[in-house]
Every structure is written in C-alpha cells, then in structure tokens.
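This chain uses plain numbering: 1 for the first residue, then up along the sequence. Counting starts at 1 for both ligands and their atoms, in listed order.
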Amino acid sequence: MTTESGTTQVGEQPARAQERDGFDEISILWISEGMSCDGDTVSMTASGQPAIEDVVLGLVPGLPKVNLYNKVLSPSLGGEDFLAPFRAAARGDLTPFILVIEGSIPNQNIIEGDGYWTSFGNDLETGEPLTLNWWIDQLAPRAWAVVAAGTCATYGGIHAMAGNPTGSMGLADYLGWDFRSAGALPVVNVPGCPIQPENFMETLTWVLYHAAGSAPPPPLDEMLRPQWLFGKTVHEGCDRGSYYEQASFARDYNSPKCLVKTGCWGPVVNCNVPKRGWMAGIGGCPNVGGICIGCTMPGFPDAFMPFMDEPTGGSLSSVLIKPYGAFIRRMRGITSMALNKEPRWRHNESALTSGYDPHWRP
Ligand code: SF4
Ligand code: SF4
C-alpha cells in the first residue's frame, strides 16, 4: 500500500515475514572446499554496501535474521563444532538455508575409489573424507537457494582450464543448468576472480529480501548472472573509453590511454568493475591501468590467454577507428584551443566592452 506521496505505509503491511510467505530467520552454509583459494570469502569482507557484518548483525532493515557459517569468518572452535550445522542440514534438521559454494567442482567420477580431490570433514563411521561432491549432493536439493561465489564455482575458472587433472567444472555444470532449489531458484551465479565485494553482497541481499518475502527473485541472464551487474561490458563503463574513441592507444603499461593494444579484453567482457571500482569506488582494472583479462567470463581463462597479447578483435577495431579517431582528435584539439581563451571583454580598461545595453537600466 502506498500513499499519494509514494511512501509506504508500514502499519498496513503484514508485520511479520511469515505473513508475507517469507522467513524470519535463515542460515547461510558456505562451503569453500571447492577447488578454491578462499579469495571470494576474503573479497566479500571488503564490501561496505552492505557489509557482511551489517547483514549478520541485523542492521539491514527488512532482512531475515542471518546465521552465517563460513570457515574463514567462523567464531566456532572449528572441527565438529563448525561442521554441526552442515551435518544437521544434510540430515534435514536445519531449514531454511542458503548454500554458497566457493571453488570449482572436481570430477570425482574420474578417480572413483581412488582418493579425493577435495573434502570437507570426515564420515563419522568410516573416518573417510567426505567429498565436496557428497556435500553438494546432500545439501543442494534441500537448500532454499544455491549461490555460486566466484568464477571457479560459477563456470569452473582457473582450476578448470585446459590440461587440468581434476576435470573441474562450475556448479551449474555439476547440478544441471535446469536445477531448481527448494525455493524454486536456479543456481545464482556471481562470477569474478575474485567476486567484486559489493556485487556479491548486493546479490546476497536481494536473495535474502526474496527469502523475507519482500522482493521478487533476482533477475538473472542466460548464464545465471544478476542482470543489473553483468548486463554491460567493461568497455561500456571504462573511463578510458574516450581514448579509444579518439584512437589513442597505450603502447606500454604506464600510459593513461586505452589499453586494448596491450591486452585489454574490455569491449567483449561482461563486468561492472571499472564503473564501480573495487572498494568504495577506488581501484578496478583497465580504468586504473590493468588490462581486463575477462575473469568474470565463462570462457576464462583459456579464451583470453596469453593475457598480455593484443586481442584479435581489438587489433581490427583499433585499425578501423584510426582515421575517424585521428580526425576527431585533431578537430577537438582546435576547438579546445579556442575554448582555452577568455573572451576579449574581460579587461581592466576604462570602457565597458561586454555588450551591456543601458536601455534596460531602470
Ligand atoms: S582500456 Fe579496455 S575497457 Fe577501457 S576503453 Fe580501452 S579497451 Fe575499453
Ligand atoms: S574488469 Fe575484467 S579483469 Fe577486472 S574484474 Fe572485470 S572481468 Fe575481471
């Protein structure tokens, strides 16, 4: 219900989440035992809008109470104390929960019976390691939502590059791209190597508002990425785009100009980092001098290597834009010289020459 001014009348809203078909409380079970470096967990802690502390302390209005279980951030004693909620969820004794997977999923089938690529706790009866694959098999069908954090978990990433021995893949490759969680959501992919801190926290917040019953499901594209974060290219948000348009290309890595000739893949990569910055608007990639290596993309890294060579398409487009860019640069230089002069009537002489007409004087 909204008033004429457009503000929400809180008193007329159902007061509790349950009355809106949402949850008052939810757990986040975060497993970073994929083929992973924990970089996404570390990156997430840099978010300010919102901060993970704000989410777990209940400082974001309208979210359910959040119980976060992440090994890097856990205040538990570790071991079985830390594993308890994961074991409870696997038994079906803990609901609702959001499952977050960090790291790529190895192919256990290629070594079945011959060891473990990666594991998380031990089987209490046999003492044998419980594989990541076992945990996903137990938890994903029970999870209200399943979130893949980082390019390794979303699409396989660096661990799934050509020549890897583990047969690694992304979570949707493992579960199936038509997988639906208990909350009827597909896998929610937040790529990035690592995730941009606020990209992840914004997505998690949207999922939590959806869990609270106060937001629709997050809009995802065909690669299951949040549309509002990955719907534009790096190039479309890069503040070196004006150099590109004028065909001013860097020849080395110390230049402020466009980096396409030194290896930037920005024009064909879906990512918002140069537009958003890394932490609090500071940092990024091509905007601050680092070529975009396409770390958010399903084809990363193989499709972008060797990183420091000029992309094939980049050489073609930079050749095509050369005559236009050179002409425009020259014209803008001429106009800029004219605009760098003050008008002639700004002087300290005895006659007023600004064109003022005394006819209008009262
Ligand atoms: S540095 Fe990269 S992203 Fe930026 S304008 Fe050049 S090609 Fe585009
Ligand atoms: S700009 Fe390119 S390298 Fe930087 S985070 Fe985005 S995709 Fe990765």
Side-chain angles (χ1 to χ4, degrees), residues 37 39-40 42-44 46-47 148-158 161 170 189-203 221 223 225-322 324-325 328-329:
C37 66
D40 301 300
V42 174
S43 186
M44 174 191 61
S47 175
T151 300
C152 296
T154 53
Y155 308 125
I158 288 175
M161 67 190 291
N189 280 338
V190 187
C193 193
I195 47 169
Q196 198 278 354
E198 273 135 13
N199 278 358
F200 184 81
M201 286 305 298
E202 257 182 34
T203 308
D221 67 15
M223 296 309 289
R225 299 169 282 208
Q227 287 176 3
W228 76 98
L229 299 172
F230 295 93
K232 298 280 185 291
T233 64
V234 168
H235 188 67
E236 286 164 338
C238 180
D239 62 10
R240 298 187 182 217
S242 49
Y243 286 105
Y244 187 105
E245 185 224 9
Q246 294 181 168
S248 294
F249 300 112
R251 298 282 164 189
D252 65 63
Y253 290 99
N254 297 313
S255 167
K257 297 178 180 176
C258 169
L259 299 170
V260 74
K261 290 200 157 298
T262 53
C264 184
W265 282 85
V268 290
V269 168
N270 294 82
C271 175
N272 62 352
V273 161
K275 184 121 179 153
R276 175 163 231 175
W278 197 259
M279 289 169 64
I282 298 169
C285 300
N287 54 317
V288 289
I291 54 172
C292 170
I293 57 174
C295 78
T296 58
M297 297 297 276
F300 177 80
D302 304 75
F304 302 94
M305 292 167 66
F307 294 137
M308 294 167 93
D309 284 2
E310 182 181 4
T312 327
S315 57
L316 178 64
S317 60
S318 59
V319 164
L320 291 177
I321 204 164
K322 231 175 182 152
Y324 163 84
I328 287 294
R329 203 166 62 229

Task: Ser47 versus Pro197, closest heavy-atom pair with distance - done: N-CB, 3.5 Å
Open item on the list: Classify the ring geometry of Phe249 against Tyr244: parallel below 30°, tilted from 30° to 60°, perpendicular beyond 60°.
Closed with: perpendicular
- [ ] Check each atom of ligand 1 against the heavy atoms of Gly241 and keep those under 4.0 Å away; list them by number with element.
- [x] 5 (S)
- [ ] Enumerate the atoms of ligand 2 whose separation from the nearest heavy atom of Cys285 is less than 4.0 angstrom.
- [x] 1 (S), 3 (S), 4 (Fe), 5 (S)
Open item on the list: Taking atom CE as the centre, does Met279 end up with more than 12 heavy-atom neighbours from other residues, nucleotides or ligands that are less than 6.0 angstrom away?
Closed with: no
TODO: Starting from atom 1 (S) of ligand 1, locate the nearest protein heavy atom and write down its residue, its atom name and how far away it is, to 0.1 Å.
DONE: Leu259 N, 3.2 Å
Task: Side chain, backbone, both or neither: the part of Pro274 lying under 4.0 Å from ligand 1 by heavy atom - done: neither
Task: Closest to atom 5 (S) of ligand 2 among Gly237, Pro191, Gly294, Cys295 (heavy-atom distance) - done: Cys295
Open item on the list: With heavy-atom distances below 4.0 Å as the criterion, list the atoms of ligand 2 near Val269.
Closed with: 7 (S)
Open item on the list: Show me which atoms of ligand 1 lie under 4.0 Å from any heavy atom of Val260.
Closed with: 7 (S)
Task: Atoms of ligand 2, numbered as shown, that sit under 4.0 Å from any heavy atom of Cys271 - done: 1 (S), 5 (S), 6 (Fe), 7 (S)
Task: N/O/S from Cys264 sitting under 2.8 Å away from atom 6 (Fe) of ligand 1 - done: no
- [ ] Only one of Cys264, Cys285, Cys238, Cys292 passes side chain to side chain contact (heavy atoms under 4.5 Å, CB included) with Leu259; say which it is.
- [x] Cys264
Open item on the list: When you measure from the side chain of Thr262 to the backbone of Tyr253, do you find a donor-acceptor pair of N or O atoms at a distance under 3.5 Å?
Closed with: no
Open item on the list: If you compare all heavy atoms of Asn287 against all heavy atoms of Asp239, which two are closest, and at what distance to 0.1 Å?
Closed with: CB-OD1, 3.5 Å
TODO: Give the residue and atom name of whichever protein heavy atom lies nearest to atom 4 (Fe) of ligand 1, and the separation in Å to one decimal.
DONE: Cys238 SG, 2.4 Å
TODO: Give the numbers and elements of all ligand 2 atoms closer than 4.0 Å to a heavy atom of Val234.
DONE: 1 (S)
Open item on the list: Heavy atoms only, cut-off 4.0 Å: how does Thr296 contact ligand 2, side chain, backbone, both, or neither?
Closed with: both
Task: Test log, rule side-chain contact (heavy atoms from CB on, under 4.5 Å), inputs Ile291 and Met308 - done: CA-CA 8 Å; Ile291 54 172; Met308 294 167 93; 3.9 Å; yes
TODO: Could you check atom 6 (Fe) of ligand 1 against the protein and tell me its nearest heavy-atom contact, residue, atom and distance included?
DONE: Cys258 SG, 2.3 Å
- [ ] With rounding to the nearest 0.5 Å, note down the distance linking CD in Glu245 to CZ in Arg329.
- [x] 11.0 Å
Open item on the list: Determine whether Phe200 and Asp40 satisfy the following criterion, side-chain contact (heavy atoms from CB on, under 4.5 Å), listing intermediate values before the conclusion.
Closed with: CA-CA 9 Å; Phe200 184 81; Asp40 301 300; over 6 Å; no
- [ ] Identify the protein heavy atom lying closest to atom 8 (Fe) of ligand 1, giving its residue, its atom name and the separation to 0.1 Å.
- [x] His235 ND1, 2.1 Å
- [ ] List the closest protein heavy-atom neighbour of atom 3 (S) of ligand 2: residue, atom name, distance to the nearest 0.1 Å.
- [x] Ile293 N, 3.4 Å
Open item on the list: If the cut-off is 4.0 Å to any non-hydrogen atom of Pro267, which atoms of ligand 1 fall inside it?
Closed with: 7 (S)
Task: Check against side-chain contact (heavy atoms from CB on, under 4.5 Å), Trp278 and Val288 - done: CA-CA 11 Å; Trp278 197 259; Val288 289; over 6 Å; no
- [ ] Nearest 0.5 Å please: distance from the CG atom of Asn199 over to the OG1 atom of Thr296.
- [x] 9.5 Å
- [ ] Please determine if atom 8 (Fe) of ligand 1 has an N/O/S atom from Cys292 lying under 2.8 Å away.
- [x] no
